[in-house]
Amino acid sequence: MAQARASTTSTSSASSSGDFPPFNQRHLLSIADLQQHEIIQLLDRAEAMVPVSRQERKSHPTLTGKTQINLFFEPSTRTQGSFEIAGKRLGALVMNMSVKSSSVSKGETLVDTATTLNAMRPDVIVVRHGAAGAVELLSQKVGCAVINAGDGAHEHPTQALLDALTIRNHKGRISGLTVAICGDIANSRVVRSNLLLLGALNVRTRVIAPRNLLPVGIEHLASEVFTDMREGLAGADVVMMLRLQHERAQGRMIPSVREYYRFYGLDAEKLSYAKPDAIVMHPGPMNRGVEIDPAIADGPASVITDQVEMGVAVRMAVLDALLPSRNEP
Amino acid sequence: MSTPVSRPTLIENARIVDPASGTDSQGAVLIEDGLIAEIAIGAPIGVPDGAEVINAKGLILAPGLIDMRVFTGEPGKEYRETLQSAGDAAAAGGVTSFVMMPDTTPVVDDGALVDFLIRRAKATSRVNVLPAGAITKGLNGTEMTEYGLLKEAGAVCLTDGRHAIQSPAMLRTAMSYAANYGMIFVHHLCDTDLAGAGVMNEGLFATILGLKGIPREAETIPLARDLQLAALTGVNYHAAQISCAASVELVAAAKKRNKSVTAGVSINNLALNENDIGRYRTFFKLSTPLRSEDDRQAIVEGLRNGTIDTIHSDHDPQDTEVKRQPFAEASDGAIGLETLLAAALRLVHSGDVDILTVLRAMTSRPADILGLAAGRIAVGAPADLILFDLEYPWQVSEQQLRSRSRNTSFEGARLAGKVMRTIVGGETVFEHVD
């Protein structure tokens with residue numbers, strides 16, 4: 001990790017993708033598909049993209065003439081917006097398609113949609129879908145690059161990459177840190193991608209949740225599993241909070257928001273168990289007062305807006321990494 | 001009784017494997033008038049005048065397979081499977097009789113439909129089709145069908161197919177009324193509330209894939225309930241298909257007290273496990289989910305020690321439209337008639353289970369449970385027979401399968417053992433051509 005970090009500088013503006021070795025993946029479907037060196041390369045590429053968005057002319061047109069389709073079967077404001085800005089800053093033509101949650105009875109199947117879009121000859125399709133594996137299925141039916149922007153409770157690889165970049169920027173390293181992830185572990189794709197990515201970079205990963213929000217076998221995916229939040233936060237360098245789908249959760253998954261907040265909401269008292277310089281993260285959108293105290297969300301330890309900024313850089317890097325490789329023989 | 005419909009057939013030089021009698025010896029079988037007329041073990045039979053002689057050197061002669069769980073698309077979804085195409089697949093797989101599940105459109109919940117299906121199958125299918133009658137009207141789980149009339153029409157058993165009745169009171173009434181007519185009660189085991197939105201076995205693998213799991217308890221809880229109600233009502237109860245170690249234990253314990261309990265297993269749960277799902281391969285999405293390797297091994301042991309009575313294909317044709325979907329949204333089911341024997345023989349080749357035990361679960365046991373004269377090589381029994389090469393290597397290719405649907409759970413599998421000839425009622429209905 002140390003060398004990888006040293007190999008890039010954050011002062012110059014984005015270097016061309018030629019400075020990095022070719023990224024030998026056709027798609028970005030899951031963190032599980034990536035080797036450690038590929039993860040580090042994407043983080044380095046993203047780091048190099050950060051200055052583009054801080055310039056006055058926010059343009060780094062490496063994708064001029066390329067077409068990017070954002071295909072979202074689930075509504076999303078921030079992820080879709082982030083991919084759109086990333087594509088536009090790279091000069092791609094970006095089209096947004098929001099499809100009402102797919103249902104076979106509605107007629108067109110996912111594969112039909114893929115075939116139709118493919119005929120429009122896009123260079124990359126960014127897909128979010130409510131079903132695990134749906135993005136991979138779509139990728140098998142198109143001739144262009146596909147980026148997974150979240151598939152069910154499976155993976156959300158660019159979220160894990162932007163989280164890692166945020167951590168690296170604040171901590172100067174990733175390897176050797178202790179990262180505690182707290183909340184609805186069972187239904188979160190963010191958790192799965194993060195555990196895979198952080199695990200590949202030798203992070204001590206912890207998950208914290210009430211037992212009924214812990215999926216079977218999670219002890220094989222995280223270094224440690226806690227049901228007590230204070231124990232789980234003890235000595236952590238990074239605290240990652242997850243959104244609780246409390247509208248859906250109430251009664252069936254948790255009895256009430258107030259009980260959840262009492263035992264699993266992040267407030268100053270619980271945060272005091274983590275390291276004094278611990279950072280607080282959240283993939284958004286936040287439920288203030290459900291999983292996190294507003295004072296923490298907007299306080300000095302919070303790096304939540306940095307995550308959003310890094311999200312654009314990561315998505316620019318991923319688009320840039322995937323597209324040139326398509327033109328090589 | 002009747003005039004001979006065809007000339008006699010003599011099968012000689014065969015390795016006769018007949019689980020009903022425990023026979024595994026060289027010998028010859030003579031077929032006359034669609035029935036087995038003579039059996040000679042270790043000795044030749046003189047060739048009757050005009051007889052067709054089949055030299056079965058190097059082949060095993062066994063009773064034709066009886067498959068207790070087959071879904072068809074006829075009536076209602078003929079594009080998936082007809083009785084004819086299912087019959088062709090069955091004949092090629094060595095299945096000479098299959099029990100047809102009532103999950104069709106319309107549902108087989110009426111004697112008139114049973115009667116229609118029997119006549120329709122006689123006209124179009126190469127093998128014997130044995131309709132099952134629905135336990136509840138329209139498979140709704142709440143209203144009984146006419147068991148007496150279904151039986152009179154020829155339904156061989158009662159089942160709601162892939163539907164599981166949830167109400168214990170309904171089950172008690174239905175079992176009790178089925179016992180009244182001596183009908184076999186075959187029930188699919190799934191607590192739909194506990195299974196919830198689950199789509200595969202609950203465990204680490206489902207967690208990694210981000211798929212909702214079906215706990216084993218969604219099977220064991222209804223199984224325990226059914227076994228108690230079977231004892232209460234005295235019905236002949238057959239657990240349609242069990243998939244996990246805990247279910248094997250429950251059945252074994254029940255069998256010690258109740259002789260009217262039997263259990264089946266799908267070839268899929270016997271030959272495959274959850275890891276075969278790989279990256280969301282929907283042909284491995286099954287209504288009784290594939291479980292862990294530990295569970296599979298417990299199922300194999302259950303077969304070996306007699307806790308599990310029958311092996312069936314769970315043949316369930318589904319078209320690409322409903323299978324080429326994200327895993328959670330795809331339909332359940334895989335076809336299996338044509339691969340049933342070869343997949344089961346894997347257990348023989350691996351040394352896990354002997355050939356008599358494997359074949360018994362697909363011949364004499366289902367015949368005994370259903371009260372059929374077939375399923376055995378015995379004088380006077382129907383000449384439903386197969387000749388197969390135990391070692392013949394082949395690779396499954398969906399393109400070559402005879403089913404109208406392509407959703408095989410053994411696509412690309414290398415199997416050893418192939419049916420060379422299938423005989424139903426003395427007539428050859430399938431012959432392998434190299």
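Labels below follow one simple rule: chain letters A, B, ... track the order of the sequence lines, proteins then strands, and each chain is numbered from 1. What you see below is based on every heavy atom in this structure, not just the backbone, and it leaves out hydrogens, waters and symmetry mates.
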Do D294(B) and S292(B) have a side chain donor and acceptor closer than 3.5 Å? no
Side chain Q80(A), main chain N96(A), donor-acceptor under 3.5 Å: no
Taking the inter-plane angle between the rings of H154(A) and Y280(B) on a 0 to 90° scale, is it parallel (under 30°), tilted (30 to 60°) or perpendicular (over 60°)? perpendicular
If you tally heavy-atom pairs under 4.5 Å against chain B, which of E219(A), E136(A), E155(A) wins? E136(A)
Within 45° cone and under 6.0 Å: R315(A) NZ/CZ vs F83(A) ring: yes
Quick one: does L195(A)'s side chain get under 4.5 Å of I181(A)'s, heavy atoms only? yes
Picking from A131(A), A132(A), G217(A), P215(A), which has the most non-hydrogen pairs under 4.5 angstrom with chain B? A132(A)
May I ask you to decide whether R279(B) forms a salt bridge with D33(A), counting only side-chain N to carboxylate O separations under 4.0 Å? yes
D314(B) with R69(B): basic N within carboxylate O range, under 4.0 Å: yes
Chain A contacts: which residues in residues 206-215 of chain B have a non-hydrogen atom closer than 4.5 Å to it? T207(B), I208(B), L209(B), G210(B), L211(B), K212(B)
Distance-only side-chain donor-acceptor flag, Q297(B) / E293(B), under 3.5 Å: yes
Could you check whether R189(A) pairs with E74(A) (Lys NZ or Arg NE/NH1/NH2 to Asp/Glu carboxylate O, under 4.0 Å)? yes
Counting heavy-atom pairs under 4.5 Å to chain B, which of I218(A), N187(A), V111(A) comes out on top? V111(A)
S30(A) versus chain B, the contacting section by heavy-atom distance below 4.5 Å: side chain
Scan side-chain atoms only and decide if T115(A) and D112(A) contain a donor-acceptor pair under the 3.5 Å cut-off. no
Between R192(A) and chain B, which part of the residue has a heavy atom less than 4.5 Å away: side chain, backbone, both or neither? side chain
Among residues 192-205 of chain B, which residues come closer than 4.5 Å to chain A, judged by heavy atom distances? D193(B), E202(B), G203(B), L204(B)
Under 3.5 Å: donor-acceptor pair, side chain of T408(B), backbone of F410(B): yes
Under a 4.0 Å threshold between the charged nitrogen and the carboxylate oxygen, would D316(B) count as salt-bridged to R162(B)? yes
